[in-house]
Amino acid sequence: MSREEEQRVDTQRRRFLGVATAGTVAGTAVGSGALTLGGLAAAVATDAASAPRTEPVSKIHRWGMFVDASKCADGCTACVDACDQENGLNLQSEPHGSNEAKWQNQRSVWIRKVKLQDRASGHVTNLPLMCQHCEHPPCVDVCPTGASFKRADGIVMVDRHTCIGCRYCMMACPYKARSFIHEQVDQKLTRAPRGKGCVESCNLCAHRLDEGDISTACAQACADENHHAIVFGDLKDPTSPVRQAMAKQASRQIREDLQLNTGVRYAGL
Amino acid sequence: MSKRIVYREWLIQPERYWGLLAILATVIAIGGASALYMEHEGHWVTGMTNSVVWGLPHVFAVFLIVAASGALNVASIGTVFNKPAYKPLGRLSGLLAAGLLVGGLLVLVLDLGRPDRLLVAMTTYNFNSIFAWNIFLYTGFLAITIGYLWTMAERKGNFLQRPVGIFAFLWRLALTTGTGSIFGFLVGRSAYDTAVLAPMFVVMSFAYGVAIYMLVLLTSFAWDGRPIGPKILRRLKNLLGLFVAGILYFTLIYHLTNLYGAKSTDFESFLLLQGGIYTLMFWGGWVLVGGLLPLGIIYHPRLSTDRNWIATACALVIAGGLAAMYVIIIGSQAFPLEMFPGKSVLAFGAPGDIGGAVAPYMPTLAELLLGIGGVAVAMLIVSVGIRVLQFLPESLSDRDMDGLVEPV
Ligand code: SF4
Ligand code: SF4
């Protein structure tokens, strides 16, 4: 980030500080559900990340998701398919001469359907798993160039122009959320640029947010299928659908022990 | 000190020298071509996947870098710990350290997804990243080693030899710890979640560095008929024995801590019992070939006096070291990340996507050739260095060394 840009973000940051504090106070004042979320809301992005390519984003929001695994239907892949379309993942083609089984583990995946069985009870759970948009993201900590960064609004993403493809972030991510582009890219979408030798992962459909559309392709597809297992929204806004959903039901983080304060929370797990 | 050490350029016949260079250059060219091929096609031509993201090139690179810092120890023992018998060995030690580091770094860089963005890596730093710190540690090491060589070679710089030597020694400890920490900082991976990793890397670096050093010393001396006395050889092989025993000791501690830490027992049973190739590499490579066999040779009353057997022990330590790196780097990635305790993963994404199961990894030829290319770069630097500059002492025979052993 150039000094100029830095200053711009800084002023922006200061301007929003008051608003953010007000938001936090309001957040903690609402109901008991909100109290448990106090930590989440207070967890203001301190190590300010650089802004996306256009304009600085603000930390009055923290985007995140609530997933109710009990609503996630066995065999349904609506979210995965929607993400593939939205982010051009379906445009990837298996390189000529590659081996199909290996390719399955080399192609880029942003969201996956995970199916679990409880070893004691035999109970089967389905859930979508994607980048958890950690508040303390190990991928960002380890990235040597700062290409992995966290936006002020909590979205963790990769700057494709500074990523050197060292894959250290993939080693560090506890959720296997990241993919390395192993092949030459022939077709891609402007909203989801992709390049051989770089790492990428779910960015919570940042292109939608940056255009003011508060939704993600996966949550929308799930709702369209009438499952409503994924709720997306602003974790700092107590009136947002995601906070409403979280207030009603207990939820937890995957690998809570690592204390990463993830932006994606799961119920029914 | 009663005697002066005489250093002389490597005097093997030109045909032999140029033949050696030609072979090394060819190996390097093949390694370079492999890297180009990987870069051009993308990493799909390697065995690496989104599960095993660091493959065979990292095994070679980390091994070379770790060995580089260990190779400098021979010089440190001479200057920092004031053992006169090691003084004549110092110059080669510095040169070898520099060569190994350059070889390792080249492999590391050429395995990047975007090696063309090296400039980005050199100019944009994230100071939270241990990886970024390592870039400083490595370049600093190179600079210090060159400075150290100068203090050893140039009489005007002699008085600086000890302070620079101490600094280099501390720097190399930091470098190995830094390299070990690359893995130590990965919170999500049970295999690395232990404090034993850093000291284990330090001892490994001692052993691998000394093993390579001895092999290079024995070969270069044999080729132009310089004498090495049994005394210095005994010292060096005892040193190697000590370090190899140290590796076995830390390996034991590492597994004990993992076994007692409840979280890592699954990983332990994978590594020690059911891990297939990784279990084999651990017991057969890391413990037997890299540990017990060389120890057996080094402390065998008869074999330990035969320089061919000593060289064999060194080669075994090196082979075992590569196996150990393979287990540490690749085995821990192949082992599934534990995300859902108490649950079995029935599916993890599309069919064929590996999540709950051990990830397959089969290195391809391109990866192997790139790694070997890095080794050849190190050897080329050493060969040219000892040929054109005065790095090798004339003689390490007991008679010539005796005067050095007793400081006046
Ligand atoms: S889930 Fe992984 S990729 Fe996403 S922010 Fe956390 S560590 Fe980074
Ligand atoms: S692969 Fe790219 S984003 Fe990931 S750590 Fe390396 S430079 Fe950063």
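Values below: all heavy atoms of this structure, side chains included; hydrogens, waters and symmetry mates excluded. A quick note: this is a predicted structure, and the numbers were derived from the prediction, not measured. Every chain is numbered from 1, with letters handed out A, B, ... down the list of sequences.
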Q: Would you check if the side chain of Q106(A) reaches a backbone N or O of M48(B) as a donor-acceptor pair within less than 3.5 Å?
A: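 Yes: the side chain of Q106(A) pairs with the backbone of M48(B).
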Q: D353(B) and side chain to side chain donor-acceptor pair (under 3.5 Å): which partner among R112(A), R107(A), Q104(A)?
A: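 Exactly one candidate clears the test, R112(A).
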Q: Donor-acceptor pair, K196(A) side chain versus H40(B) backbone, under 3.5 Å?
A: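 Flag set: sc K196(A) to bb H40(B) pair under 3.5 Å.
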Q: Answer yes or no: are there more than 12 heavy-atom neighbours, outside W103(A) itself, under 6.0 Å from its atom CH2?
A: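 Count over threshold, so yes.
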Q: Quick one: CG on L337(B) to SG on C173(A), what's the gap to the nearest 0.5 Å?
A: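 So the CG of L337(B) and the SG of C173(A) are separated by 8.0 Å.
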Q: Who among V120(B), N134(B), I130(B) has the most heavy-atom pairs with chain A under 4.5 Å?
A: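 Between V120(B), N134(B), I130(B), the count favours V120(B).
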Q: Who wins among M339(B), H58(B), M362(B), E39(B) for the most heavy-atom pairs under 4.5 Å with chain A?
A: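 The residue among M339(B), H58(B), M362(B), E39(B) with the greatest pair count is M339(B).
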Q: Of all heavy-atom pairs between V124(A) and L346(B), which one has the smallest distance, and what is that distance?
A: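 Scanning both residues completely, I find the closest heavy atoms to be CG2-CD1, 4.4 Å.
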Q: Compute whether any side-chain donor of one residue and acceptor of the other, for K102(A) and T49(B), lie under 3.5 angstrom apart.
A: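 Short answer, no.
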Q: At what distance, to the nearest 0.5 angstrom, does OG1 of T145(A) lie from CG of L119(B)?
A: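 With rounding to 0.5 Å, OG1 (T145(A)) is 12.5 Å from CG (L119(B)).
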Q: Can you tell which of P95(A), G97(A), S98(A), A101(A) has the highest number of heavy-atom pairs within less than 4.5 Å of chain B?
A: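 Between P95(A), G97(A), S98(A), A101(A), the count favours P95(A).
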Q: How long is the gap from CD1 on I182(B) to CE on M171(A), to the nearest 0.5 Å?
A: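 Interatomic distance, I182(B) CD1 to M171(A) CE, rounded to 0.5 Å: 9.5 Å.
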Q: Determine the option with the most heavy-atom pairs under 4.5 angstrom with chain A, choosing from S51(B), A132(B), A347(B).
A: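 Looking at each option in turn, the highest pair count goes to A347(B).
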Q: So what's closer than 4.5 Å to chain B heavy atoms on T125(A): side chain, backbone, both or neither?
A: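 Contact with chain B involves the side chain of T125(A) alone.
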Q: For the residue pair H182(A) and H43(B), does the interplanar ring angle fall in the parallel (under 30°), tilted (30 to 60°) or perpendicular (over 60°) class?
A: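 Rings of H182(A) and H43(B): perpendicular, as their planes differ by over 60°.
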Q: Are P144(A) and S129(B) packed together at the side-chain level, in the sense that at least one heavy-atom pair is separated by less than 4.5 angstrom?
A: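 Yes, close enough: below the 4.5 Å cut-off.
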Q: Assess the residue pair V142(A) and F131(B) against the criterion (side chain to side chain contact (heavy atoms under 4.5 Å, CB included)); give the C-alpha distance rounded to whole Å, side-chain angles, the decisive distance to 0.1 Å, and a yes or no.
A: CA-CA 7 Å; V142(A) 302; F131(B) 223 53; over 6 Å; no
Q: Counting heavy-atom pairs under 4.5 Å with chain A, which one of E338(B), Q333(B), R189(B) comes out on top?
A: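 Between E338(B), Q333(B), R189(B), the count favours R189(B).
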Q: Is the number of heavy atoms from other residues, nucleotides or ligands within 6.0 Å of CD (Q259(A)) greater than 12?
A: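 No - once you tally the heavy atoms of other residues, nucleotides and ligands closer than 6.0 Å, there are 12 at most.
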Q: Under a 4.5 Å heavy-atom cutoff, which of C166(A), C198(A), A172(A) has the most pairs with chain B?
A: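 The residue among C166(A), C198(A), A172(A) with the greatest pair count is C166(A).
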Q: Please step through side chain to side chain contact (heavy atoms under 4.5 Å, CB included) for the pair R114(B) and C163(A), ending with a clear verdict.
A: CA-CA 8 Å; R114(B) 297 295 305 260; C163(A) 173; over 6 Å; no
Q: Would you check if K343(B) and Q117(A) make a side-chain contact, meaning some heavy-atom pair closer than 4.5 Å?
A: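 Counting from C-beta outward, K343(B) and Q117(A) never come under 4.5 Å.
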Q: Heavy-atom cut-off 4.5 Å, strictly under: side chain, backbone, both or neither for D111(B) against chain A?
A: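 Both parts, backbone and side chain.
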Q: Which one, F340(B), F127(B), F183(B), leads in non-hydrogen pairs under 4.5 Å with chain A?
A: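 The candidate making the most pairs under 4.5 Å is F340(B).
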Q: Need one label for Y192(B): side chain, backbone, both or neither, based on atoms under 4.5 Å from any heavy atom in chain A.
A: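 The side chain, not the backbone.
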Q: Return the option, out of L116(A), V109(A), V114(A), with the maximum number of heavy-atom pairs under 4.5 Å with chain B.
A: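 The option with the most such pairs is L116(A).
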Q: Answer with side chain, backbone, both or neither: which region of S181(B) has an atom nearer than 4.5 Å to a non-hydrogen atom of chain A?
A: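 S181(B) touches chain A through backbone heavy atoms alone.
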Q: Atom CG of N128(B) and atom CG of D141(A): how far apart are they, to the nearest 0.5 Å?
A: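 Atom-to-atom, N128(B):CG and D141(A):CG are 5.5 Å apart.
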Q: Check each atom of I111(A) against the heavy atoms of chain B and say whether the ones under 4.5 Å are side chain, backbone, both or neither.
A: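 Interface part for I111(A): neither.
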Q: Side chain from CB out, backbone as N, CA, C, O: work out which of these in L112(B) comes under 4.5 Å of a heavy atom of chain A, or both, or neither.
A: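 The answer is both parts of L112(B).
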Q: Distance from M170(A) atom CE to N50(B) atom CG, nearest 0.5 Å?
A: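 Reported to 0.5 Å precision, the distance equals 4.0 Å.
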Q: Measuring from R117(B):CZ to H161(A):NE2, what's the distance to the nearest 0.5 Å?
A: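 Nearest 0.5 Å value for the CZ-NE2 distance: 7.5 Å.
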Q: Under a 4.5 Å heavy-atom cutoff, which of K176(A), E100(A), K113(A) has the most pairs with chain B?
A: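 It is K176(A).
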